[in-house]
Trainee: 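Here's a structure for you.
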Amino acid sequence: MPTHLHTLKAALLLALAGFSSASLAQAQDDEEEDFGPDISGKLVLTGGGSQLEGSAGGGLTPWAVIGGQGTRDQIGASAFYTRVDTGDYHLDDFGVLIGINDRVEFSLAEMRFNTENVGALLGLGQGVTFKQQVFGVKIRFAGEAVLDSDRAMPQISVGLQHKRNNQSGVLAFIGAESDQGTDFYVSATKLFLSQSFLITGTVRLTRANQIGILGFGGDKNDSYQPQFEASAAWLLNRKLAVGAEYRSKPDNLGIAREDDWWDVFVAWAPSKNLSLTVAYADLGNIVIRDNQRGVYASMQVGF
Amino acid sequence: MKIIASRFILLSAFSLSVALSSFAQAQDSAAAARDAGKNSSAAMNPAPADTALRPVLEDFRGEAGLKSLMDEFMRGLLADKRTQPFFENADQDMVKKHLTEQFCVILGGDCQYTGRDMRASHAQMGVTRTDFNALVEVLQVVMAKRGIPFRSQNKLLAKLAPMHRDIETR
């Protein structure tokens, strides 16, 4: 679709614009601008993984951290591939992000939700796939999640995720109001270092059905509603964490009930350039099929 | 119509994000300036004693354990390209002595810290967040190598990490 290409181009342009403005801000702040030859100055795992929509975070929810391994003196970037198998469906999900001066994060992701046999049952065709592209921006607004262990103040970021779905015909048929939408969120992340515990809470304003895979708005509800997401990770050592996540979702469509999502995960970063996450995820009901549970696996590379 | 609307949302969201970003940056600089102002009159306590951490000191095998930890830590700092420039020309024995005292006091030991505060001792070093994190990493690796439990490592690091505000000058 040409419009999608245009979106991607526009997104890249915006990313470039943001990059130059951030560099400008840096140049004005410091007497000497010096990114240095070194990269990846963040402590391992503190750049987060990649969540479904491509922002740095856990698997389901964004964290307030800026993605990539760059500190405030550096640029970081990462790419990810995630696969979720729930029994009746599977999701392939991949994307890239850039983190600038630990301040701004731009991300692009594409989700491919494969309906397998359900597609045929619904008369859409065997294995019909819903594709969704997501462009995300996140800005660290206040606080320092990792080092300010003497303060209660968490790191707080605000962000948006603009989503476009390629199945406008099907979406209209099932009662979705739109094939595109923008989520807005505020995220707070705090590392309780003495307890080796990392906690994130996110409030998201959204109209998305099944995070956008089934479009935006519906016959039951078409307005923005606040949703709550949380992620908790217990650090076992410098490179290994286990945790759980929860994400509430609206229920806008008359044709199918929509459930909240949760998962339990293990995240392992053998190096700063690679992290692997495996989770058991419960995605509840997704169109005529209950109990969509299964394995979530994600790989992230970056610097 | 929809496309125009979405472009509009995207554009306004982006303008908003740039504005927020600049605002956040300004706020950060202001906070840093506040910290600096506060610290010029009174730097943070470089060795805030916490007697509740005595069991952690046991995990570090007491003052003797800290002393031998510092030998290994200094070797690590000199072996790492990122931290080497800060220590190769320093009085390494003095640094190790002060670090031993500092860690010992923080962990509730019967020691006396005889060094300067963190602001004064790092004023001329030009330490960045990247440098700071590099040192933390070397310390983490050395602590792990010595078999110090991860939770005890973090209890010490939780006391040291906030000192980034006095140590970083860039």
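Below, read A as the first sequence line, B as the second, and so on, with proteins coming before strands; counting in each chain starts at 1.
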Trainee: Does anything in residues 131-143 of chain B form a salt bridge (Lys or Arg N to Asp or Glu O under 4.0 Å)? List the pairs, not counting sequence neighbours.
Mentor: A:Lys272-B:Glu137, B:Arg82-B:Glu137
Trainee: Who wins among B:Leu160, B:Val56, B:Thr128 for the most heavy-atom pairs under 4.5 Å with chain A?
Mentor: B:Thr128
Trainee: Which one of A:Leu147, A:Leu43, A:Val44 has the most heavy-atom pairs closer than 4.5 Å to chain B?
Mentor: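 Option with the top pair count is A:Leu147.
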Trainee: Using only heavy-atom distances, determine whether the side chains of B:Ser68 and B:Arg146 contain a donor-acceptor pair under 3.5 Å.
Mentor: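 Checked: B:Ser68/B:Arg146 side chains pair up, N/O donor to acceptor below 3.5 Å.
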Trainee: Suppose we screen for side chain to side chain donor-acceptor pair (under 3.5 Å). Which residues come up paired with A:Gln195, at least two apart in sequence or across chains?
Mentor: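 Scan of A:Gln195 (side chain to side chain donor-acceptor pair (under 3.5 Å), adjacent residues dropped) gives none.
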Trainee: Given a strict heavy-atom distance threshold of 4.5 Å, which part of A:Leu191 is in contact with chain B: side chain, backbone, both, or neither?
Mentor: neither
Trainee: Strictly distance-based, threshold 3.5 Å: is any side-chain N or O of A:Asn209 a donor or acceptor partner for the main-chain N or O of A:Gly212?
Mentor: no
Trainee: Would you indicate whether B:Gln92, at its atom CD, is surrounded by more than 12 heavy atoms from other residues, nucleotides or ligands within a distance under 6.0 Å?
Mentor: yes
Trainee: At under 4.5 Å between heavy atoms, what parts of residues 103-115 of chain B are in contact with chain A? List them by residue number.
Mentor: none
Trainee: Applying salt bridge (Lys or Arg N to Asp or Glu O under 4.0 Å) to A:Asp148 and B:Arg165, what does each step give before you reach the verdict?
Mentor: CA-CA 9 Å; A:Asp148 281 352; B:Arg165 295 195 289 269; 2.8 Å; yes
Trainee: Applying side chain to side chain donor-acceptor pair (under 3.5 Å), can you list everything that pairs with A:Arg238, at least two apart in sequence or on another chain?
Mentor: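 With neighbours one apart ignored, the set is empty.
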